[in-house]
Amino acid sequence: MAPVLPLVLPLQSRIRLAQGLWLLSWLLALAGGLTLLCSSHLLVQLQYLGTFLAPSCPFSALPQVALVAGAVALGTGLGGAGASRASLDAARYPPWRGVLGPLLAAGTVGGGGLLVFALGLALGLPMSLVEGLEEGLGTALTRYKDTEVPGHCHAKLLMDELQLRHHCCGRHGYKDWFGVQWVSNRYLDPSDHDVVDRIQSNVEGLYLTDGVPFSCCNPHSPRPCLQSQLSDPYAHPLFDPQQPNLNLWAQGCHQVLLGHLQSLASTLGSMLAVTFLLQALVLLGLRYLQTALEGLRGVIDAEEETQGYLFPGGLKTAWLQGGVAHRAAPEKTPPEEAPPKELG
């Protein structure tokens, strides 16, 4: 059967192909390195923000898979650059002859498969952030008061840092703090009638107030921060509850974190798409170069035309066999004549 997608490559075409592959390979290595940086940055962000994601949220799989895919793409680019450069020198090519097959197989199965998988995760997993952040931030708000509970003692610090760093307050707004007890029982006076009334008036026995933590305060506000009695219009005559952004952060942390993480995922997805395109071009070019040079039986600087292809014999020959179809079959020796019989 005829080879799949054959391409005639004379000497000058092989040289241009090798030179173009050298440039594409370095671009692939650069894209793989940038993918490594983007996925590493997203992993670092998730180590800090993972507290505010539900444990069941699968979003962390995206940077992990992308990290491995970027490393394989980086290796494929460096290997492609070395092989394409060596193909221009007859003395340097023989050691690379046995490397090209495994390089193509690893780049296709490993790198290509991982890039497609990571790209699919980049397109689908950001949608899981909506519910993951909803549950994770709700848990973080309820644990804010647990400064002495083992395993939750850092919840207050992390939530305060989140609100101060990302300029947000509550899950969807500052009023979310009204529905949770964020003041530790350690700081409540059990003999205070107001405290007792607030606890007894709540079905769950929580101390609820219409106030917010200090980390919700906007330091750019020209007035002192108002944290308590925010729903009482007579408690702060000069405070307009319709414009809380004059005093508190206007956005909820859910919206801020969702936009932040989805933006990082979008950047990583773009890098994965570029890396996949470059890897496909490099692998195709290397395959054509490999089969074309195998057709010359090692004389890579020969002037004669040769044929490159993707698969010889219509996919019946394995990828690693290179140009076996071009090798000459051993000559058949004519059968020896039987000795003449002696006449009796």
Side-chain angles (χ1 to χ4, degrees), residues 35 37-67 117-147 149 151-184 204 206 208-218 227 230 244-245 248-272:
T35 301
L37 289 178
C38 291
S39 54
S40 299
H41 178 60
L42 184 53
L43 273 178
V44 171
Q45 290 293 305
L46 286 179
Q47 286 183 352
Y48 163 65
L49 300 175
T51 308
F52 309 106
L53 278 174
S56 59
C57 183
F59 183 74
S60 59
L62 168 59
Q64 295 171 359
V65 175
L67 192 69
F117 183 44
L119 191 56
L121 293 179
L123 294 174
L125 283 186
M127 301 305 297
S128 66
L129 287 173
V130 178
E131 295 182 359
L133 287 171
E134 187 76 20
E135 180 182 344
L137 285 170
T139 303
L141 263 65
T142 58
R143 292 178 178 177
Y144 186 85
K145 68 181 188 305
D146 300 336
T147 54
V149 178
H152 301 170
C153 54
H154 297 293
K156 178 182 181 301
L157 174 63
L158 293 175
M159 193 66 199
D160 286 334
E161 288 181 347
L162 174 70
Q163 295 187 140
L164 288 171
R165 180 178 299 181
H166 292 274
H167 298 175
C168 59
C169 181
R171 181 164 47 180
H172 297 289
Y174 73 98
K175 290 185 178 180
D176 289 334
W177 289 105
F178 298 177
V180 297
Q181 178 180 338
W182 56 271
V183 179
S184 174
E204 299 179 357
L206 301 176
L208 304 181
T209 65
D210 54 349
V212 297
F214 76 96
S215 53
C216 282
C217 294
N218 184 351
Q227 297 176 246
L230 296 177
N245 58 316
L248 306 174
W249 300 121
Q251 288 184 311
C253 294
H254 184 279
Q255 179 183 356
V256 173
L257 291 186
L258 182 64
H260 176 62
L261 292 176
Q262 285 185 342
S263 175
L264 293 178
S266 176
T267 302
L268 179 57
S270 300
M271 284 307 310
L272 287 170

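What you see is a predicted model; the values in this text were computed from it and never measured. All residue numbers refer to positions in the sequence shown, counting from 1. Because only heavy atoms are used, hydrogens play no part in the values below, and waters and symmetry mates are left out as well, while side chains stay in.
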So [Y] and [X], do their side chains get closer than 4.5 Å, heavy atoms only?
{"X": "L206", "Y": "V180", "value": "no"}
{"X": "T147", "Y": "L157", "value": "no"}
{"X": "L67", "Y": "S40", "value": "yes"}
{"X": "T51", "Y": "T139", "value": "no"}

So which heavy atom on [X] is nearest to which on [Y], and how close?
{"X": "G170", "Y": "Q163", "answer": "N-OE1, 2.9 Å"}
{"X": "C38", "Y": "T267", "answer": "SG-CG2, 4.2 Å"}
{"X": "C217", "Y": "W249", "answer": "O-NE1, 3.4 Å"}
{"X": "C168", "Y": "G252", "answer": "CB-C, 3.7 Å"}
{"X": "L62", "Y": "A122", "answer": "CD1-N, 3.6 Å"}
{"X": "S39", "Y": "A66", "answer": "CB-CB, 3.9 Å"}

My understanding is that only residues two or more places apart in sequence, or in another chain, count here; which of them pass side-chain hydrogen bond (donor to acceptor under 3.5 Å, both in side chains) with [X]?
{"X": "Q181", "result": "N185"}
{"X": "H41", "result": "none"}
{"X": "H172", "result": "E134"}

Which residues pass the salt bridge (charged side-chain N to carboxylate O under 4.0 Å, His left out) test with D160, sequence neighbours left out?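 Only K156 meet the salt bridge (charged side-chain N to carboxylate O under 4.0 Å, His left out) criterion with D160.
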Residues in salt bridge (charged side-chain N to carboxylate O under 4.0 Å, His left out) with K175, at least two apart?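 Salt bridge (charged side-chain N to carboxylate O under 4.0 Å, His left out) check on K175 returns nothing, list empty.
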Does the C169 SG fall under 2.5 Å from that of C253?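 No disulfide here.
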[atom2] on [Y] to [atom1] on [X], rounded to 0.5 Å:
{"X": "L53", "Y": "L133", "atom1": "CG", "atom2": "CG", "value": "5.0 Å"}
{"X": "L42", "Y": "L49", "atom1": "CG", "atom2": "CG", "value": "9.5 Å"}
{"X": "L141", "Y": "M159", "atom1": "CG", "atom2": "CE", "value": "4.5 Å"}
{"X": "L248", "Y": "H167", "atom1": "CG", "atom2": "NE2", "value": "13.5 Å"}

Show your working on side chain to side chain contact (heavy atoms under 4.5 Å, CB included) between E161 and L158 and close with a plain yes or no. CA-CA 5 Å; E161 288 181 347; L158 293 175; 4.2 Å; yes
For the side chain of [X] and the backbone of [Y], is there at least one donor-acceptor N/O pair under 3.5 Å apart?
{"X": "H254", "Y": "V130", "result": "yes"}
{"X": "Q227", "Y": "V212", "result": "yes"}
{"X": "S263", "Y": "H260", "result": "no"}
{"X": "W182", "Y": "G211", "result": "yes"}
{"X": "S266", "Y": "Q262", "result": "no"}

State which residues pass side chain to side chain contact (heavy atoms under 4.5 Å, CB included) with F117; sequence neighbours excluded, sorted by chain then number.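 F117 satisfies side chain to side chain contact (heavy atoms under 4.5 Å, CB included) with V65, L121 once adjacent residues are dropped.
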Do the rings of H166 and Y48 sit parallel, tilted or perpendicular, given the 30° and 60° boundaries?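 Answer is parallel, since the angle falls under 30°.
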Quick one: do L162 and L257 satisfy side chain to side chain contact (heavy atoms under 4.5 Å, CB included)? Show the steps, please. CA-CA 9 Å; L162 174 70; L257 291 186; 3.7 Å; yes
